Structures are given as C-alpha cells and as structure tokens.
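First comes the structure, then the notes that go with it.
Each chain gets a letter, A, B and so on, in the order its sequence line appears, and its residues count up from 1. Fair warning: this is a prediction, and the values are worked out from it, not measured in the lab. Computed from heavy atoms alone, side chains included, the values below leave out hydrogens, waters and symmetry copies.
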Amino acid sequence: MTKILKLLTVAIAAAALLTAAPLSPAFAAKKKEFNIAWTIYVGWMPWPYAAEQGIIKKWADKYGITINVTQINDYVESINQYTAGKFDGVTLTNMDALTIPAAGGVDTTVLVVGSFSNGNDGIVLKKGKTLADIKGQSVNLVELSVSHYLLARGLESVKLTEKDIKVVNTSDADIVGAFKSKDSTAVVTWNPQLMEVKAELGATPVFDSSKIPGEIIDTLSVNTETLRDNPDFGKALVGAWYEIMAIMANAEKGKAAREAMAKTSGTDLAGYEAQLKTTRMFYDPADAVKFVSSGDLPKIMDMVRTFSFQHNLLGDNVKSKDAVGIGFPGGKTLGSAKNVKLRFDATYMKMAADKKL
Amino acid sequence: MRRLMNLAPRPGIRLLLGLLPFVLIAFIYVAASAERRAVNPDDKLLPPVSEMVAAANRLAFEPDRRSGEYVLWSDTAASLRRLALGLGIATAIGLTVGLGIGVLPLVGATLAPLVGVLSMVPPMAILPILFIVFGLGELSKVVLILIGVTPFLIRDLALTISALPPEQLVKAQTLGASTWQVAIRVVLPQIMPRLIEAVRLSIGPAFLFLIAAEAIASDVGLGYRIFLVRRYLAMDIILPYVAWITLLAFLMDWALATLARRAFGFAYVTERR
C-alpha cells in the first residue's frame, strides 16, 4: 500500500512538472520573434493593412526581427491573452490598459498613441431627447468598458449618478439586436455598432465622446520588459505605423488604403470614412508626441483611474486609486511611484517625428 | 479467471483511484500557479487557492459594497430560477409532444419533420430575433434554454416509444384499451425513466445556454458575473464560480438519478453495478 502511494506521488509530481511548463509565462529576454494582436476598430485597422502590404515585414527586416500580427475576434480576450503572456503587444484603449494588464501586474508601455475617440462612442435614447431624460431608464452597455466610463462622465455632466439609472450588461456583438427589442430604451456603445443604433427609428443620440475629447485613447501597447530588452521591436512597429499614417493622410494615395481597411473591418469606404470622421487620428507623429507630453494627459488618466477604482477594476483588495502607478514622459508619475505598471512613452514616436528610425 | 477485465479494485482502492485524477489536476494547478506568481507577483491568470477562497468568501458572506447584496447567492437564485423554468417547461413540452409523435402516427407525420429540422438550428445564431420577439428580460433567457433543449427531448422520447415492442401495444388494444389508455398506462410508465435520463443529459447544454444568455444581456446571474469580471481577468472569482456551477450541476444530476431509481425501480433491475 505505502509502495503504491509512493509511486503515485512520484508519478503525480512528474506529470505536474511536465504539464505545468506550457502554462508558465514567457520570460523577457533578447529575442527575434514577436507577436502582436489586434481587434477590429476604426483606429486599429492600419495594423492589419500594414501586415498585408508587407510594411510590417519591411520594418522588421530592417531591424533583423520577425513580427507576427494576429487578429483576435474578441476584444477582451485579446487583452487577456496579452496579459497572460501570449502576445508582446496588443491594441487597446488607455482605460483597458490600466485595468487589465497594468492592474494584473504586467508592466505595459503605451508605444503608439494612434488616435482618440471623438464621437466614436455615444449614448442613444429611444425615450427622451436629452441626456437628462435617461433618469430611471435601464441602460444596455458593456459594463466596466469605455462605454461605462462615457456614461459615468455623461451622467456627471447632467448632475445624475449611476444610482439614477439601471445598468444592464450587454455584449457588444448583440447590442444592435438588443436595441431593436422594445425592452431596451437606452444604449451606450461604440462604432460601428453606434452607427446602426443611431439609425434606429426614433433613436436620438444625446451624448458622445466628442464632448470629452482625448479621454478614450486608442493605443498599441507592449510589454515594458520586452521593449526594454528589445528596443528594435518598438522601432520597427512605430516605423511601420507612421509609414501607413503618411499614406492614409494623403487624400489620393490613401483612398486605396482606406478602402482595404474598410473591407477588412466589414464595412465599405463610406462607412469607414464616417467612422474616421469621429476619430481624431494622429497622422503626424509630432502631434502624438505633443498629446502624450501635454499636461492634460495626467488629468485624463486621473479621471480614468478614479472611475476604475470606484468600480473595483484595479482589484478588490486595492485600498486607493494610487495603488497602480502611471508614468508619463519626463519622469512624471501618478499614484504609486514604486509600482508603476502603465507607462506613456513618447521616445519612439519622437524618433519617428525626428525621422531617426 | 485472472484477466485484466476481471480485476476489480477493493472499495478503499476504488476511492483512492477515483480521487487520483482530481489530486493530479489540483497538483498541476498549484504548481503552475506558484510558478507564474514567482515571475509576476500580481499574476491573475492562475491565482493561488488562498485567493480563490478569499474571493469566494467575500462573494458569499459579505454584502457587496455598491448594491448591498450577497452576490453569490443572488446570482445563484437568479440562475437557478431561469434554469428550473427552462428545463421544467422543456420537459413538459418534450413529454407531451414526444408522446404525441410516438403514439399517434398522424401527429408524428405532421410534427416529426419540423422537430427534426428545428433541432438542427443553432439557437445562438438567431439571437437577434429572440430579442425582438421575447424582449431582453427573463423570458428570452428561458426561451433560449427551451429552444436549445426541447427538440432533443422530443426526439429522444419519440425514438424510445418507437423502440417499444409492437406486440405490447397490440395486446393492450385486444384487451380493450383506448388510444388514451394505451398512451397513459402502457407507454408513459415505460418512457418516464428515459425522460429523466434525457433531462439529466440536458443539464449540461441547459447550463451552456443559460450562461450564454446571461453573458449577452443581464444584470444578475452566474453567467453574468463570470463574463463581467472576465473584463479584468479576475480568475480568482471565475474559478470558484465554475466550481460552484459544476457542483450545482452534479447535485442536480445526482438528484434526478436517485429519483429515477426510487420512482421507476423496474427499469433498473438489470443494471450492472
């Protein structure tokens, strides 16, 4: 009996060691192959286009590395996979960068600030003509997302709080169908769904992100440690990004590019350009550097982290919004300077602005 | 005869062998969790057991900071209510329609092809239509379970009835039984054990549809909570919830199995133990 037990223990230990290996996180070190993930959103479509056109490969070759660009169908899953260590970089918003990887202890650097939402996220009502009419309604939205943040900011502007409404968590994939149901009278969502929702009979858009410009930022963020050990990874990505931006900014040459991006995101040129209108793109790296280095960004991130803390997004055991530190260019920090997990870095975009890539 | 197939473990060893895979999984989990924590002390993917226990305690025995509710219990109550309604109605429809199709050739000819086709429709693909017809409230969640489970129950029962020996039905008729009497006295008792078994097999799919429905539009429920906290990768909440769902499903399965053996013992006389 004891012999069997002993044998079993050894077998278990051996099996455990063998099976546990693939679950351990990737160790950052000098490496040659990198993976980034993207999801469909107007401000991120340049990434798949750059990969398709071989622009990523061109820049990666220049620095002697390989960069794989992978599409993930589900936005939150792409961030979770990045946080778990499957990807070296991912497309995500400033708020999600703070609440998922940074709050999960994965030191993350915002490498490219591509754009911010300037009307791409909005609140639409079926009953009522102004935002104040939302009082007492149940609101369909993706809870704890940027939509939730937009709603909180909107409610603030009309002196209401979340207690005055009822929040119903609704998947972003089904929000258009949900709004067609008579139960649903108010939604908060982002594009392309927002365009569909606005087109609904009797729907009134009452608030959108153009009223809080610069607060919902679309970024490409990467693992800080990986970037520190492999600056070429950052250089190649930033170089490729601004090559595409130069093409897109050009009305003539950019048309083919925009058309291809429209197709990849499942819409047509007109639909994509309508979404671009409500997106403030930083075509010029100097603009992005200015935005990231401005004194407004810490103020924005302070509002974002306050919202995140109030909704327990920084973790249930976190006692203050300062727990997760946020770093800005020039060595400024917000919150715990010892635990900086989210960093806005203008170095690489500055290199692009100075044409040093 | 000393062959491998005749080698049965003694009760003590049987228990040990049964526990072995669980111990193995737990061991792998703990090892992997410790390894990830060693690299990143804030890792959320595989939290240590102590944190899961703490999270489960908080959800079950401390009122929520914002709503003042005991989250685990309100989620469980909401989900079980939906599940009970969905499975209950599905069973009732499955039994009546299955009996009709199996016993009455006229009903069979009319409904069997429809049920056959409906059972192949993936319910998740027609969600927008369900939303518009049944709204976003409790009804659409119950209906999703219904659509997912009922066709299977109907077809399973109809097949069971068609496998009954025709001599039985003929004999009952020669003894003067009407259609109704044959259905209620001859067919029904024989398909009841199979009905309970089919419901047991449906618990898994029913949970799947319930959680999918709650993930899509909801403000309370086990699936709602899992998909909500997935947004910030709170596996310390998700894993205890998964364990809890598994336990609930296991208990339901066990209760139905016991019920079947108590109420319809005749069907299990030849069961091999």
Side-chain angles (χ1 to χ4, degrees), chain A residues 1 4-5 8 11-13 15-17 19-25 27 76-77 79-80 83-85 96 99-101 103-107 138 140 142-145 162 166-171 173-184 308 310-317 339 341, chain B residues 12-13 16 20 23-46 51 54-55 58-59 64-66 127-137 139-140 212 214-220 224-225 227-237:
Chain A
M1 190 68 201
I4 296 180
L5 276 179
L8 281 180
I12 290 171
L17 286 177
T19 353
L23 279 168
S24 48
F27 290 93
V76 173
E77 196 50 39
I79 306 172
N80 284 349
T83 308
D96 295 316
T99 57
I100 308 175
V106 175
D107 195 331
S138 31
N140 292 97
V142 180
E143 238 180 299
L144 310 180
S145 69
E162 273 189 57
K166 189 168 170 238
V167 166
V168 179
N169 188 33
T170 308
S171 149
D174 293 295
I175 211 151
V176 178
F179 197 54
K180 289 187 192 296
S181 141
K182 60 182 184 316
D183 294 2
S184 169
S308 306
Q310 282 166 352
H311 290 81
N312 284 356
L313 298 186
L314 300 180
D316 276 314
N317 301 320
N339 190 37
K341 290 293 182 194
Chain B
I13 302 280
L16 203 69
L20 181 68
V23 174
L24 198 69
I25 292 170
F27 199 89
I28 292 170
Y29 182 85
V30 170
S33 162
E35 196 177 346
R36 285 190 71 95
R37 275 293 156 112
V39 178
N40 171 11
D42 289 325
D43 178 63
K44 283 179 158 181
L45 188 72
L46 304 177
E51 271 175 36
R58 198 170 56 240
L59 292 166
D64 184 58
R65 252 188 274 172
R66 272 201 295 162
L127 271 179
I129 302 178
L130 295 187
F131 285 156
I132 293 162
V133 179
F134 301 105
L136 282 175
L139 187 60
S140 63
E214 290 179 336
I216 286 158
S218 183
D219 57 0
V220 67
Y224 160 77
R225 193 73 47 197
F227 277 81
L228 182 66
V229 301
R230 193 180 74 110
R231 261 206 96 77
Y232 51 103
L233 199 65
M235 297 307 290
D236 58 337
I237 296 176

For the side chain to side chain contact (heavy atoms under 4.5 Å, CB included) test, which of A:D183, A:T170, A:V168, A:D174 pairs with B:L136? A:D183
Leading residue by heavy atom contact count with chain B [cutoff under 4.5 Å; candidates A:N169, A:I175, A:I100]: A:N169
Whether the side chain of B:R36 engages the backbone of A:A84 through a donor-acceptor N/O pair (distance < 3.5 Å, no angle test) should be reported. yes
Given heavy-atom pairs under 4.5 angstrom as the criterion, report whether the side chain, backbone, both or neither of A:D96 touches chain B. side chain
Residue pair B:K44 / A:T83, side-chain heavy-atom distance below 4.5 Å: no
Nearest non-hydrogen partners of B:F131 and A:S181, listed with the distance: O-CB, 3.3 Å
Check each atom of B:R58 against the heavy atoms of chain A and say whether the ones under 4.5 Å are side chain, backbone, both or neither. side chain
Taking all atoms of both residues into account, what is the closest heavy-atom pair of B:D42 and A:G105, and its distance? CB-CA, 3.3 Å
Looking only at heavy atoms, what is the nearest atom pair of A:E143 and B:L228, with distance? CB-CD1, 3.3 Å
Counting heavy-atom pairs under 4.5 angstrom with chain B, the leader among A:P101, A:A173, A:S171 is A:S171
At a heavy-atom separation under 4.5 Å, does A:V176 approach chain B through its side chain, its backbone, both, or neither? neither
Which bit of A:S138 is near chain B, if near means a heavy-atom gap under 4.5 Å: side chain, backbone, both or neither? neither
Against chain A, work out which of B:V30, B:I129, B:L127, B:I216 has the most heavy-atom pairs shorter than 4.5 Å and name it. B:I216
Segment of B:A215 engaging chain A (4.5 angstrom heavy-atom cut-off): backbone
If you count heavy-atom pairs under 4.5 Å between each of A:L313, A:T99, A:I79 and chain B, which one has the most? A:L313
Hey, what do you get for CG (A:L144) to CZ (B:R230), rounding to the nearest 0.5 Å? 12.5 Å
B:L130, part contacting chain A, at a heavy-atom distance under 4.5 Å: neither
